[in-house]
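Accompanying notes for the structure given below.
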Amino acid sequence: YKNPNTAGGRTAMVHLFEWPWRSIARECEDFLGPHSFGGVQISPPHEHRILYDTNIQRPWYEAYQPVSYKLVSRRGNRAEFIDMVQRCNNAGVRIYVDAVVNHMCGGDAGVGKGYGDSAYDTDAYAFAEVPYDISHFNVPQGYEQCPTGGPINTYNSAQIVRNCNLEGLLDLDHSQGYVRDRIVDYFNDVINIGVAGFRVDASKHMWPDNIQAIFDMTDNLNTAYFPGNTRPFFYQEVIDQDTGEAVTAAEYINIARVTDFIYGREVSETFKGYKSLDSLSSFGIHWGVKISDETAVVFIDNHDNQRGHGGGGNVLMYKNQEDYKLAIAFMLSWPHGFPRIMSSYKFDQQWTGPPADNDWNTEEPTFNADGSCVSTDSYGWVCEHRWRGIKNMVEWRNQAGTEPVQNFWGDYSRLAFSRGNRAFIAIGRGGSSINERLQTGLPSGEYCNMAVVDYDSSARSCTGHSTVNVDSSGYADISISGNSGDNLLFIHVGASK
Ligand code: AAO
C-alpha cells in the first residue's frame with residue numbers, strides 16, 4: 001500500500017484543496033500532465049452536510065462531515081468525478097481520494113438532508129442512504145466503549161481517541177463487519193472508476209487492526225490504467241508531534257504510508273532561521289523526523305495547519321512567500337518520503353470557504369499570461385504549484401530519481417548540493433548572496449536555471465537568459481544575489497542547451 005502508483009517515474013503530488021472536479025480535469029491536461037506531476041489529492045468527494053450560518057457562511061470543513069458515500073459534493077457530481085479521473089489518468093496524473101470514514105457528520109446537525117439530498121437524523125444516528133443506524137456507532141454502546149460518554153477530551157487514552165467523537169463527529173465502530181463493508185464498497189466504487197489511492201482522514205482515531213482489515217478487502221486498481229494486481233496507495237493521517245500522546249504514528253507504519261507532521265515543522269523552523277541551513281545535510285530519519293523515506297508522506301503545510309486547525313499554526317505557508325518557496329524547494333530536492341505540495345486559496349478567517357459566487361458555487365481558477373492564478377491581495381486561488389520555483393522543482397525531483405545527495409556545501413543561511421550527476425540546487429535564505437565556484441556533479445554543458453526560466457524542449461533552449469555553465473570537471477560559478485526573490489538556483493540534466 002506504500003507505492004503511490006504514479007506513471008513514468010513521477011515523484012510528487014499536489015493537494016488541489018477545494019478545487020471543483022471540472023477544474024482539476026482541465027488542470028491535469030493543461031498543466032499537471034505536461035509538468036510531470038505524479039498525482040492530485042482531491043478534497044473529499046462523498047456526500048456531506050451543508051453547513052451555513054451568517055458568521056461562518058459556507059466553511060470548507062463541511063466536506064469533513066459525511067452524510068453518505070454517494071459521489072456528490074460541493075466540488076462536483078458523480079459524472080464529473082468519473083470524467084476527472086479518466087482525463088487525469090490519460091494525462092499521466094493519478095487521483096488520490098481524501099476519504100473520511102472515521103465518522104459521519106457532527107451530532108449537532110440534527111435532522112436534514114445532505115448535498116445529494118440523502119436524509120440524516122443525528123439524534124437517532126440514522127443515515128438513510130448508507131444505511132447506518134444507532135447500532136453502528138461507538139458512543140451509543142456506552143461507557144465501556146467510549147469512557148467519556150461522548151467527546152474526545154484527552155489524547156492520553158487510546159480508547160478515548162479511537163472510540164469517542166472527534167470534534168463532535170459521530171464515531172463509527174469499525175470492528176463491525178457491516179461498517180467495514182460499507183466503507184469497502186465506497187473504496188471499491190472509486191477504485192473501479194480509476195483512482196490510484198486514498199488519504200485516510202483521522203486514521204489516528206481508528207484502531208490499526210480495523211484499518212488493516214478494511215485495506216485488505218479493497219479491490220486491485222483498474223487495469224484500464226494500472227498493471228494487473230496493483231494495490232491501492234494508502235496514506236494515513238496521523239498527527240504525531242512526539243508529545244507523548246497515547247496514539248503514535250509508529251502503530252501505523254507497517255500498514256501503509258503515514259503523514260509526517262514533524263517534517264514540515266522542522267523544515268519550516270529551519271527556513272524561518274531557527275536552525276542553520278547546513279544542518280540539513282543530515283536531514284531525515286536521524287534528525288527528529290520519525291517516519292522513514294518509504295513510509296512517509298511529507299509536506300510543509302496542509303489545509304489544517306495553515307489555518308490553525310489540527311494543532312497547527314507554526315508552519316510556513318503561502319503568506320510567507322519567499323521562505324515558503326525555499327522550504328518547498330528543499331522538500332522537493334531531498335530524497336525522503338513522497339512529497340505533497342499544498343495548493344491553497346486566500347483566506348482571512350480560518351473557516352472561509354473557497355472563492356465562490358453569491359450562490360456558493362465555487363469559482364473556477366483562471367490564469368494570467370505567465371501561468372499564475374488570477375487573485376487579489378485577499379481573495380482567489382493561490383496556486384502555489386504554478387509558482388515557477390515550485391513547478392520546475394517537481395521536474396527536478398523526477399530527474400534526480402534515486403541519486404543520492406552529494407557535494408553538500410553550506411553555512412548558516414546558504415546551502416547547495418547535487419543529486420549524483422543529475423541535478424544541482426543552491427539556496428540562499430534571508431537575503432544571503434552566493435558567489436562561489438562549486439562542484440555541481442553534472443556533466444559539462446550550459447544548463448537553464450529553472451528557478452528563473454523555463455526549458456523549451458523542442459528548441460532545446462531556455463526561455464530567458466539565466467544559464468549556468470558547468471565545466472568539464474563539474475564546477476560552475478554559482479551566483480545568487482539575495483535581492484528581491486533571487487534566492488534559488490537549480491539545474492538538471494533534462495534542461496541543457
Ligand atoms: C467542525 C467544527 C467543530 C464541530 C464539528 C461538528 O470546527 O467545532 O464540533 O465541525 O459540527 C475539519 C475541521 C474541524 C471541523 C471538522 C468537521 O478541522 O474544525 O469540525 O472538519 O467539519 C485532530 C485529529 C485530526 C484532524 C484534526 C483537525 O487527530 O485527524 O484534529 N484532522 C482531520 C482533517 C480535518 C477535519 C477532520 C480530521 C475531521 O484534516 O480537516 O476536521 O474529519 C492535537 C492532536 C491531534 C489533533 C489536534 C487538534 O494536536 O495531536 O491529533 O488533530 O490536537 O485537536 C500541539 C501538538 C499537536 C496537538 C496540538 C493541539 O501543536 O503538537 O499534536 O498542540 O493540542
Side-chain angles (χ1 to χ4, degrees), residues 15 17-18 41-53 55-67 73-74 96-110 112 114-115 120 122 139 150-158 160-172 198-206 211 235-249 251-252 258-266 268-269 288 290 297 299 301-315 340 342 344 347 349-353:
H15 179 196
F17 179 51
E18 281 297 328
Q41 178 184 310
I42 62 169
S43 282
H46 58 73
E47 179 179 14
H48 53 83
R49 174 184 178 192
I50 300 169
L51 264 177
Y52 178 80
D53 76 43
N55 292 321
I56 57 172
Q57 305 195 329
R58 283 289 297 280
W60 59 273
Y61 52 74
E62 64 175 24
Y64 291 88
Q65 302 205 29
V67 165
S73 72
R74 180 167 181 183
Y96 308 125
V97 165
D98 192 349
V100 185
V101 296
N102 171 64
H103 50 259
M104 299 302 279
C105 69
D108 58 340
Y115 204 90
Y120 58 78
T122 60
V139 170
I152 294 174
N153 58 13
T154 173
Y155 278 85
N156 294 331
S157 153
I160 290 174
V161 169
R162 289 169 173 152
N163 286 356
C164 300
N165 294 339
L166 168 64
E167 301 266 10
L169 302 157
L170 303 182
D171 200 60
L172 288 162
F198 301 84
R199 168 193 185 263
V200 183
D201 183 74
S203 292
K204 179 178 188 171
H205 304 275
M206 299 166 71
I211 290 187
Y235 53 109
Q236 306 160 95
E237 188 227 8
V238 179
I239 301 178
D240 179 354
Q241 303 260 30
D242 216 10
T243 51
E245 291 183 7
V247 175
T248 64
E251 296 172 74
Y252 296 85
V258 177
T259 53
D260 191 335
F261 283 80
I262 294 179
Y263 182 107
R265 186 191 74 198
E266 291 294 320
S268 290
E269 289 182 353
K290 283 283 183 297
V297 163
F299 47 95
D301 56 330
N302 78 352
H303 70 280
D304 281 333
N305 63 20
Q306 68 169 200
R307 47 178 53 71
H309 284 226
N314 290 318
V315 292
R340 179 177 63 194
M342 179 70 201
S344 317
F347 62 91
Q349 305 294 339
Q350 47 89 5
W351 56 77
T352 306

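Source: prediction; values computed, not measured. Computed from heavy atoms alone, side chains included, the values below leave out hydrogens, waters and symmetry copies. Just follow the structure's listing: the first ligand is 1, and inside any ligand the first atom is 1.
- Contact annotation: Arg199 has at least one heavy atom less than 4.0 Å from an atom of ligand 1.
- Nearest to atom 46 (C) of ligand 1 by heavy-atom distance, out of His48, Lys204, Met206, is Lys204.
- Distances below 4.0 Å separate heavy atoms of Glu245 from the following atoms of ligand 1: 44 (C), 45 (C), 51 (O), 64 (O).
- At the top of the distance list for atom 63 (O) of ligand 1, counting protein heavy atoms only, stands Gln241 CG, 3.1 Å.
- With respect to the salt-bridge test (charged N to carboxylate O, under 4.0 angstrom), the residues Asp240 and Lys290 do not qualify.
- Near Arg49, meaning under 4.0 Å from one of its heavy atoms, ligand 1 places the atoms 11 (O).
- Across Met104, Arg49, Glu47, a single residue satisfies side chain to side chain contact (heavy atoms under 4.5 Å, CB included) together with Pro66, and that is Met104.
- The protein heavy-atom contact nearest to atom 27 (C) of ligand 1 is Gly310 CA, 3.7 Å.
- Checking side-chain atoms of Glu269 against main-chain N and O of Glu266 turns up no donor-acceptor pair under 3.5 Å.
- Counting only heavy atoms of the protein, atom 54 (O) of ligand 1 lies nearest to Tyr155 CE1, 4.2 Å.
- At a distance under 4.0 Å, no protein heavy atom can be found next to atom 66 (O) of ligand 1.
- With hydrogens and angles disregarded, a donor-acceptor distance shorter than 3.5 Å links the side chain of Asn165 to the backbone of Asp171.
- Closest to atom 9 (O) of ligand 1 among all protein heavy atoms lies Glu167 O, 2.6 Å.
- Regarding atom 2 (C) of ligand 1, its nearest protein heavy-atom neighbour is Tyr61 CE1, 4.0 Å.
- Less than 4.0 angstrom separates some heavy atom of Asp108 from each of these atoms of ligand 1: 6 (C), 11 (O).
- Short contacts between ligand 1 and Leu169, defined as distances under 4.0 Å to a heavy atom of the residue, involve ligand atoms 6 (C), 17 (C), 39 (C).
- Looking at Glu62, its side chain does come within 3.5 Å of a backbone N or O of Leu51 through a donor-acceptor pair.
- The protein atom (non-hydrogen) at minimum distance from atom 32 (N) of ligand 1 is Glu237 OE2, 2.9 Å.
- Under a 4.0 Å N-O distance rule, the pair Arg340/Glu237 does not qualify as a salt bridge.
- With ligand atoms numbered from 1 in the order given, ligand 1 contributes 30 (O) to contacts under 4.0 Å with heavy atoms of Ala202.
- In terms of protein heavy-atom proximity, atom 60 (C) of ligand 1 is nearest to Gly311 CA, 3.4 Å.
- Between the Arg307 side chain and the Gln350 main chain, a donor and an acceptor come within less than 3.5 Å of each other.
- With respect to atom 18 (O) of ligand 1, the closest heavy atom belonging to the protein is His309 ND1, 2.6 Å.
- For ligand 1, none of its N or O atoms has an N or O atom of Glu62 under 3.5 Å away.
- Side chain of His205 to backbone of Val161: a donor-acceptor contact under 3.5 angstrom is found.
- With a 4.0 Å cut-off on non-hydrogen atoms, Arg265 does not touch ligand 1 at all.
- Checked by atom type and distance alone, the side chain of Tyr252 never pairs as donor or acceptor with a backbone atom of Val258 at under 3.5 Å.
- Listed by atom number, the atoms of ligand 1 under 4.0 Å from His103 heavy atoms are 39 (C), 43 (O).
- In this structure, His48 and Tyr115 have tilted ring planes: the angle between them lies in the 30° to 60° band.
- Put simply, the side chain of Glu245 never gets that close to the backbone of Tyr155: no donor and acceptor are under 3.5 Å apart.
- At a 4.0 Å heavy-atom cut-off, ligand 1 touches Trp60 through the side chain alone.
- Residues Asp301 and Val315 share a closest heavy-atom pair of CB-CG2, 3.9 Å.
- Screening Trp60, Tyr64, Phe347 for a ring-ring contact (aromatic ring centres under 6.0 Å, His included) with His309, the sole residue that qualifies is Trp60.
- Between His303 and ligand 1, an N or O atom pair is found at a separation short of 3.5 Å.
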